[in-house]
Amino acid sequence: MTATVERTPAAPTAAPERIGLLRALRHGLTLAGRSVLKIRKSPEVLADVTIQPILFLVMFVYLFGGAIQGDTSTYLQVTLPGVMAMNMVFGSLGTGMALNTDINKGVFDRFRSLPVARSAPLIGAVLGDIVRYLVSLAVLLVVASLMGFRIRTDLLSTLLAIVVVIAFALAMCWITVFLGMLIKSQQALPGVAMALMFPITMGSNVFVPTETMPGWLQTWVGINPVTQLADTARGLMIGGPVLAPLTATLIWMVAIVAVFFPLAMWAYRRRA
């Protein structure tokens with residue numbers, strides 16, 4: 001006689017908890033604090049956003065300022081806002097590299113076991129970099145003032161320029177986050193990112209007036225987001241048109257986030 005074994009039906013698997021937008025943002029802010037804590041413990045991570053822009057500023061002002069603008073003082077006034085813009089683009093690379101390091105070390109495996117929004121580690125890394133950008137701009141402005149740079153507008157306009165520049169950097173972070181999630185090799189990531197960043201930073205009016213370039217290059221420079229950001233910062237800090245370049249900058253920021261935030265989340269889910 002064959003014994004009949006009754007099987008207890010398996011308990012239904014609970015559906016994953018849906019996390020709302022506000023709660024996801026709160027999780028992101030919590031993890032942003034983790035990024036800030038890492039800066040406090042390892043301040044050397046600020047080297048890329050403090051030393052590099054100073055080197056660019058000093059080198060271009062004193063080596064090429066006289067030849068390009070006629071004198072270094074005038075060139076400094078025009079170039080400093082552009083260097084601020086360029087520095088934010090290069091500084092965004094640190095976000096992608098930090099996330100790439102975390103995911104290769106298995107940090108994201110721990111995040112997956114916690115009841116946090118899937119997007120929180122990425123949002124936290126991006127928001128945590130605001131501190132890096134503030135320190136970077138503060139150091140750059142202090143050095144530029146020692147070199148002779150003077151703000152010709154007012155404090156409110158200058159603060160608005162800083163806010164716009166940092167907001168653009170946060171938008172650019174989603175490009176490097178996408179690359180950091182997509183590219184597995186830590187050694188390959190800087191090279192790929194630089195191949196993308198150099199055309200938009202050096203192919204702009206940060207260091208050279210647009211009208212001195214060939215016609216085909218002027219077309220690219222005219223629509224380049226770094227050019228628009230540099231012109232916005234110039235208008236707000238030393239005077240000049242603001243509305244047109246600011247509008248173009250905002251459009252670029254919205255477009256970048258609209259394209260690369262979903263791509264970054266897709267690459268994150270695929271990788272993690």
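- Contact between Gln218 and Glu211 at its shortest, heavy atoms only, is NE2-O, 3.6 Å.
- Thr227 has its side chain within reach of Asp231: a pair of non-hydrogen atoms, C-beta onward, lies under 4.5 Å apart.
- Without hydrogens or angle criteria, Ser92 side chain to Val89 main chain gives a donor-acceptor distance under 3.5 Å.
- Taking each heavy atom of Thr249 and Leu229 in turn, the nearest pair found is OG1-N, 3.4 Å.
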Item to check | Worked verdict on Met237 versus Ile162 for side-chain contact (heavy atoms from CB on, under 4.5 Å) | outcome: CA-CA 10 Å; Met237 297 179 73; Ile162 292 173; over 6 Å; no
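- The hydrophobic clustering, which links ILVMFWY residues whose side-chain heavy atoms are closer than 4.5 Å, places Val208 and Val58 together.
- How far CZ of Phe260 is from CD1 of Ile175: 4.5 Å, rounded to the nearest 0.5 Å.
- The heavy-atom pair separating Arg150 from Ser145 by the smallest distance is NH1-O, 3.0 Å.
- Taken to the nearest 0.5 Å, the OG1 atom of Thr158 stands 12.0 Å off from the CG atom of Leu137.
- Val242 and Val78 are assigned to two separate hydrophobic clusters, defined by single-linkage of ILVMFWY side chains at heavy-atom distances under 4.5 Å.
- Proximity of a side-chain donor or acceptor of Asp129 to a complementary backbone N or O of Arg132 within less than 3.5 Å is not detected.
- You'll find the side chain of Met88 reaches within 4.5 Å of the side chain of Ser136, heavy atoms only.
- The minimum heavy-atom distance linking Val61 with Leu76 is given by the pair CG2-CD1, 4.0 Å.
- In the hydrophobic clustering of this structure, Leu196 groups with Leu189; members are Ile, Leu, Val, Met, Phe, Trp, Tyr whose side-chain heavy atoms approach within less than 4.5 Å, directly or through other members.
- Within the 4.5 Å cutoff, the side chain of Thr212 has heavy atoms near those of the Pro209 side chain.
- Nearest heavy-atom pair across Leu246 and Thr232 is N-OG1, 3.2 Å.
- Taking the six-membered ring where tryptophan is involved, the planes of Phe90 and Phe56 are essentially parallel, since the angle between them stays under 30° and well short of 60°.
- Under a hydrophobic-cluster definition in which Ile, Leu, Val, Met, Phe, Trp and Tyr are linked whenever side-chain heavy atoms come within less than 4.5 Å, directly or via other members, Phe198 and Met86 are assigned to the same cluster.
- Between Tyr75 and Phe60, some side-chain heavy-atom pair lies under the 4.5 Å cut-off.
- Atom CE of Met97 sits about 12.0 Å away from atom CG of Leu179, to the nearest 0.5 Å.
- Trp266 contributes no side-chain N or O that, together with a main-chain N or O of Phe261, makes up a donor-acceptor pair within less than 3.5 Å.
- Among all heavy-atom pairs drawn from Ser204 and Asn224, the shortest one is CB-ND2, 3.7 Å.
- In the hydrophobic cluster analysis, where Ile, Leu, Val, Met, Phe, Trp and Tyr join through side-chain heavy atoms closer than 4.5 angstrom, Ile68 is grouped together with Leu217.
- For the pair Asn205 (side chain) and Ala230 (backbone), a donor-acceptor distance under 3.5 Å is absent.
- At least one side-chain heavy atom of Phe207 sits under 4.5 Å from a side-chain heavy atom of Met202.
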Item to check | side-chain contact (heavy atoms from CB on, under 4.5 Å) between Ile166 and Met84, worked out | outcome: CA-CA 9 Å; Ile166 292 178; Met84 290 171 55; over 6 Å; no
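- Contact annotation: the side chain of Leu57 approaches that of Leu80 to within less than 4.5 Å [non-hydrogen atoms, C-beta and beyond].
- The backbone N or O of Gly240 lies less than 3.5 Å from no partner atom in the side chain of Arg234, so there is not a single donor-acceptor pair.
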Checklist entry - Could you walk me through whether Leu160 and Ser157 pass the side-chain contact (heavy atoms from CB on, under 4.5 Å) check? => result CA-CA 5 Å; Leu160 180 57; Ser157 297; 5.6 Å; no
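- Inter-residue side-chain proximity for Thr219 and Ile223 is flagged as unmet; no heavy-atom pair is nearer than 4.5 Å.
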Checklist entry - Hey, mind stepping through Val143 and Met147 against side-chain contact (heavy atoms from CB on, under 4.5 Å) and telling me if it holds? => result CA-CA 6 Å; Val143 172; Met147 294 171 61; 4.0 Å; yes
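- Between the side chain of Trp174 and the main chain of Ile256, no donor-acceptor pair closer than 3.5 Å is present.
- Counting only heavy atoms from C-beta outward, the side chains of Leu236 and Thr153 never approach each other to under 4.5 Å.
- Of the inter-residue distances, the one linking Met181 atom CE with Met265 atom CE reads 10.0 Å to the nearest 0.5 angstrom.
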